[in-house]
Amino acid sequence: MWRRIPATGARHSTSFRTKAVYATAGATTLALSGYYYNLKQQQRALDESFEYPPQSSMIYLEPQQAARDPTRPHAFWAPPSREDMIRMLQEGPGSIVKEKSAAATAAAAAAAAAVAGSTPGSKPVVVAPVPVDGDKDSDVFDLLIIGGGATGAGCAVDAATRGLKVAMVERDDFSSGTSSRSTKLVHGGVRYLEKAVRELDIEQYKLVKEALNERANFLKVAPYLSYQLPIMLPIYKWWQVPYYWAGSKAYDLLAGHQGMESSYFLSRGKALEAFPMLKNDKLVGAMVYYDGQHNDSRMNVALGLTAVQYGAVIANHVEVIELHKDENKRLCGARVRDAMTGKEFNVKAKGIINATGPFTDGIRQLDDPSIQSIVSPSAGVHIILPNYYSPGNMGLLDPATSDGRVIFFLPWQGNTIAGTTDSATKVTPNPMATEEEINWILGEVKNYLNPDVKVRRGDVLAAWSGIRPLVRDPAAKSTEGLVRNHMINVSASGLLTIAGGKWTTYRAMAAETIDEAIKEFGLTPTRGCSTERVKLIGSHGYSNTMFIRLIQQFGLETEIAQHLANSYGDRAWAVASLAQSTGKRWPVFGRRVSNQYPYIEAEVRYAVRREYACTAVDVLARRLRLAFLNVHAALDALPRVVEIMAEELKWDAARQAKETEDAKEFLTTMGLPVSPIAYPTNVPEAAVGHPVVTIGEGEKVQQTSFWGRMSGKSASGAHVADSFYSRAQFNPEELAEFHKVFGALDHDGDGHIDGHDLEEVLNHLDVQVDPQVLKNIIEEVDLDNSGTIEFNEFLEVMGGLKEHASRTAFSKIVVQVENKRSVDYGIKAKTTDRSGGGA
């Protein structure tokens with residue numbers, strides 16, 4: 001081949017350019033090295049400045065005369081009981097000072113007695129009691145925070161660490177609303193950065209910058225609950241490679257020094273190696289960038305307990321029913337109701353913070369009934385799929401779905417989470433995901449997965465909807481637009497409302513809110529904001545390898561030990577110490593509440609004793625997360641959870657029955673089928689997740705094979721709909737029948753039957769199907785057109801037919817439910833095991 005040989009001048013020019021490139025690269029490398037070293041020095045200084053809570057619980061921080069003891073909180077620290085919290089809410093912060101005085105006096109007396117007893121001839125020592133603050137406001141809190149979600153708990157931690165007297169109440173449970181129904185990401189928003197660049201929007205850029213800074217802090221204050229996760233952006237067009245590369249690198253640069261890995265490009269082969277389920281047709285490669293992930297409701301509980309360690313009084317299942325005003329029409333407290341006992345009482349406070357998320361307007365209207373609503377609720381639906389849908393250490397982002405929304409596809413707690421949608425909704429305590437939204441997510445997931453991965457409705461283990469509280473600023477001149485991040489507003493009577501924002505920026509939102517509260521209510525904190533340096537409870541003694549010691553010392557399964565370490569941090573020792581013997585040689589301790597997941601019975605007891613769990617839903621949804629991972633596993637575990645809680649809380653039979661029914665009703669909002677025809681959750685003898693045999697008074701269903709019911713020989717179609725929700729397409733009886741029929745037609749025993757015999761097989765199985773439907777299903781499973789059918793291809797056809805029949809029958813059942821919603825069906829259970837666990 002010919003090649004062009006440059007002239008001498010050109011060679012000199014090329015040599016000069018090469019030297020210039022090398023010089024520039026060297027200078028850039030030196031500059032970046034210096035910058036990186038400086039950042040590392042700053043990072044080391046930040047790491048060394050983390051603060052520890054005081055040794056004694058329930059003590060408000062006061063001006064320190066000497067250096068504080070940096071001793072970290074021990075793993076067996078026990079917060080005050082819920083009954084004590086309710087009492088302190090009623091009596092005010094003065095009761096805490098009295099407890100502090102009594103405890104200090106008792107400790108001093110014990111020490112003096114010990115010294116006197118060890119010294120011969122010594123006289124008894126009289127210990128004077130510690131004087132109690134006689135302030136007339138000893139029964140008045142500095143702040144009453146309404147709402148125990150991420151924002152409310154964050155505000156409680158911030159205010160308590162500043163030395164303020166804080167009370168926080170939550171109508172339901174901590175993180176019972178939006179804070180437990182997030183995408184589980186701790187992120188700046190790579191999509192928001194793209195929008196900021198495209199639209200040259202400096203405000204959007206600032207929001208991303210702030211979120212990335214908070215992401216770094218998030219991962220430092222709770223290292224056992226949050227971690228970095230690589231997320232893949234699959235690329236199917238060559239021109240997108242430089243575009244995604246530049247965007248990912250800009251995201252890295254904006255993040256600065258955060259200890260996260262840098263983004264990188266993967267070739268087609270490496271991308272498929274990292275994410276084997278990915279669709280390989282026309283795949284060019286992939287960009288991988290890093291963001292954070294966390295366990296949201298457990299993070300919320302950790303925030304609440306950290307606030308308690310610093311002196312806050314918190315109580316869940318306590319609802320604000322009235323706001324009180326003084327003679328100047330300024331808020332001075334509230335009347336609350338304890339949902340557990342029905343008792344009502346008053347709580348006095350100098351200032352009130354409304355941090356109720358989607359329910360913001362409800363509290364604002366208690367303050368002023370004529371006020372206009374500012375919340376524009378938006379529903380975000382997520383579904384949980386089995387772990388074989390994604391690798392355990394790599395997420396996926398679809399930046400351009402069919403309608404322009406973004407879909408995340410992430411490993412989480414051993415399963416795969418997919419979402420989210422974004423649609424207008426109404427504010428309800430327990431919103432439900434609709435079939436339309438679930439099917440939309442499944443359709444988008446299907447677009448990115450290999451055709452070998454059959455995306456089925458039966459694989460949906462749980463589905464939930466969270467309400468994102470988009471808000472309008474009431475102080476803004478224009479009422480058309482929504483605020484982009486969060487909004488702080490103070491009413492004429494002094495109600496301070498914080499709304500909007502996201503999990504990642506909870507700390508910054510809380511700091512800004514408490515700053516405003518101090519100014520608005522004239523409070524006098526003993527110190528400034530320090531939440532950037534305050535590690536949450538459980539973080540101080542945590543390490544990535546502490547689970548090994550749990551295995552060695554308690555004889556736990558590896559999966560359970562890792563779960564405990566990653567859910568409780570250094571408090572895992574306290575949880576493991578409550579574990580009961582399994583009665584086996586190995587594992588020695590740790591009885592599971594579900595065979596499919598690493599949750600153990602000791603966690604239920606710990607949740608009741610140390611984490612303020614009051615109901616079965618509190619435990620299943622927000623302490624163990626089982627309701628979010630698999631509704632059928634949660635339903636299976638429900639009886640044992642109720643039994644353990646009954647032992648701990650002294651529940652009678654009536655209370656146990658109520659807890660069971662309430663939990664079943666909650667699980668229907670998490671994806672448990674709501675059809676009383678197909679899934680009788682209210683019948684004690686019913687096999688969980690199995691459809692019924694009789695419907696109505698004396699109405700009997702003909703017992704035939706699935707394929708007979710598929711052809712219209714079943715009265716209800718409920719058994720057909722069972723396969724719509726089942727994770728396994730075929731039960732053992734059906735597979736045995738398939739083998740028998742297929743083997744009878746496989747005359748030469750080579751594992752093939754003639755394509756023309758398929759119709760005979762269907763007739764033998766009593767299947768009547770439209771020819772066009774059969775043709776479409778055969779084309780979908782992509783038979784090789786060789787004129788013969790293998791057994792696996794035959795199963796694909798039968799699975800397609802069953803799926804088609806199930807969807808048809810399911811639609812009919814939905815109509816029946818709507819028509820008979822108020823009818824008592826008198827359902828009886830079939831005495832056979834269910835074949836699947838899908839929701």
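We use all heavy atoms of the structure for the numbers below, so side chains are in, but hydrogens, waters and symmetry mates are not.
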Looking only at side chains, do Tyr243 and Glu194 share a donor and an acceptor under 3.5 Å apart? yes
Which heavy atom of Asp296 sits nearest a heavy atom of Lys184, and at what distance? OD2-NZ, 2.7 Å
Is there a side-chain contact (heavy atoms from CB on, under 4.5 Å) between Arg623 and Phe174? Walk through the geometry before answering. CA-CA 10 Å; Arg623 303 305 187 276; Phe174 307 124; 4.2 Å; yes
Side chains of Ser175 and Ser180: any donor to acceptor distance under 3.5 Å? no
Who pairs with Tyr568 by ring pair (Phe, Tyr, Trp, His ring centres under 6.0 Å), at least two apart in sequence or on another chain? Tyr606
What is the minimum heavy-atom distance between Val375 and Pro377, and which atoms define it? O-CD, 3.4 Å
Roughly how far apart are Asn217 CG and Thr504 OG1, rounded to 0.5 Å? 11.5 Å
Hits for ring pair (Phe, Tyr, Trp, His ring centres under 6.0 Å) against Phe628, two or more places apart or cross-chain, chain-then-number order -> Trp464
How would you list all residue pairs meeting salt bridge (charged side-chain N to carboxylate O under 4.0 Å, His left out) that involve residues 270-289, not counting sequence neighbours? Lys270-Glu273
In this structure, CG of Leu461 is separated from CG of Asn630 (nearest 0.5 Å) by 4.5 Å
Could you walk me through whether Leu396 and Leu410 pass the side-chain contact (heavy atoms from CB on, under 4.5 Å) test, one step at a time? CA-CA 6 Å; Leu396 182 74; Leu410 312 166; over 6 Å; no
Do Asp422 and Ser378 have side-chain N/O donor and acceptor atoms under 3.5 Å apart? yes
Would you please say whether a donor-acceptor pair under 3.5 Å links the side chains of Asn295 and Tyr224? no
When rounded to the nearest 0.5 angstrom, what distance separates CD in Glu444 from CG in Asn439? 12.0 Å
Check this for me: Tyr264, atom OH, are more than 12 non-hydrogen atoms of other residues, nucleotides or ligands nearer than 6.0 Å? yes
Enumerate the residue pairs fulfilling salt bridge (charged side-chain N to carboxylate O under 4.0 Å, His left out) with a member in residues 501-511, sequence neighbours excluded, ordered by first and then second residue. Glu214-Arg507, Arg507-Glu532
Tell me yes or no: between the side chains of Glu665 and Thr668, is some donor less than 3.5 Å from an acceptor? no
Is the backbone of Thr416 close enough, under 3.5 Å, to the side chain of Ser390 for a donor and an acceptor to pair up by distance? no
Separation of Arg298 CZ from Ser226 OG (nearest 0.5 Å): 13.5 Å
Sorted by chain and residue number, the side chain to side chain contact (heavy atoms under 4.5 Å, CB included) partners of Pro391 (sequence neighbours excluded) come out as Phe275, Met277, Asn393, Met394
Donor-acceptor check, side chain of Ser539 to backbone of Leu536, threshold 3.5 angstrom: yes or no? yes
Could you list all the ring-ring contact (aromatic ring centres under 6.0 Å, His included) pairs where at least one residue sits in residues 276-304, not counting sequence neighbours? Phe218-His294, Tyr251-Tyr289, His294-Trp503
Looking at every non-hydrogen atom in both residues, tell me the closest pair between Ala511 and Asp158 and how far apart they are. CA-OD2, 3.4 Å
Give the intermediate values and the outcome of side-chain contact (heavy atoms from CB on, under 4.5 Å) for residues Val455 and Asp459. CA-CA 7 Å; Val455 181; Asp459 285 337; over 6 Å; no
Verify whether one side chain among Glu203 and Asn485 offers a donor that lies under 3.5 Å from an acceptor in the other. no
Taking atom types as modelled, is there a side-chain donor on Asn316 or Asp173 under 3.5 Å from an acceptor on the other? yes
Go through it in stages, so that I can follow the logic: the residues are Arg215 and Asp291, the test is salt bridge (charged side-chain N to carboxylate O under 4.0 Å, His left out), and I'd like the CA-CA distance, side-chain angles, deciding distance and then a yes or no. CA-CA 8 Å; Arg215 181 187 71 174; Asp291 253 331; 2.6 Å; yes
Could you tell me whether the side chains of Glu603 and His563 share a donor-acceptor contact shorter than 3.5 Å? yes
Leu219 and Gly292 have their tightest heavy-atom pair at CD1-CA, 4.4 Å
Are Glu437 and Ser423 close enough that a side-chain donor and a side-chain acceptor fall under 3.5 Å? yes
CD1 on Ile235 to OH on Tyr244, rounded to 0.5 Å: 7.0 Å
Which is it for Leu442 and Ile383 under the side-chain contact (heavy atoms from CB on, under 4.5 Å) test, yes or no, and what are the steps along the way? CA-CA 9 Å; Leu442 289 175; Ile383 64 174; 3.7 Å; yes
Under a 3.5 Å cutoff, is there a donor and acceptor pairing between the side chains of Arg625 and Ser297? yes
Compute both the distance and the angle, then confirm whether Arg592 meets the cation-pi test with Tyr599: under 6.0 Å from the six-membered ring centre, within 45 degrees of the axis. no
Rounded to the nearest 0.5 Å, what separates atom CZ in Phe408 from atom CG in Leu229? 10.0 Å
Determine whether a donor-acceptor pair (N or O, by modelled atom type, separation under 3.5 Å) exists between the side chain of Asp201 and the backbone of Gln204. yes
Smallest separation among heavy atoms of Asn300 and Ala150, with atom names: OD1-N, 3.1 Å
With no hydrogens and no angle check, just 3.5 Å: does a side-chain donor-acceptor pair link His486 and Thr505? no
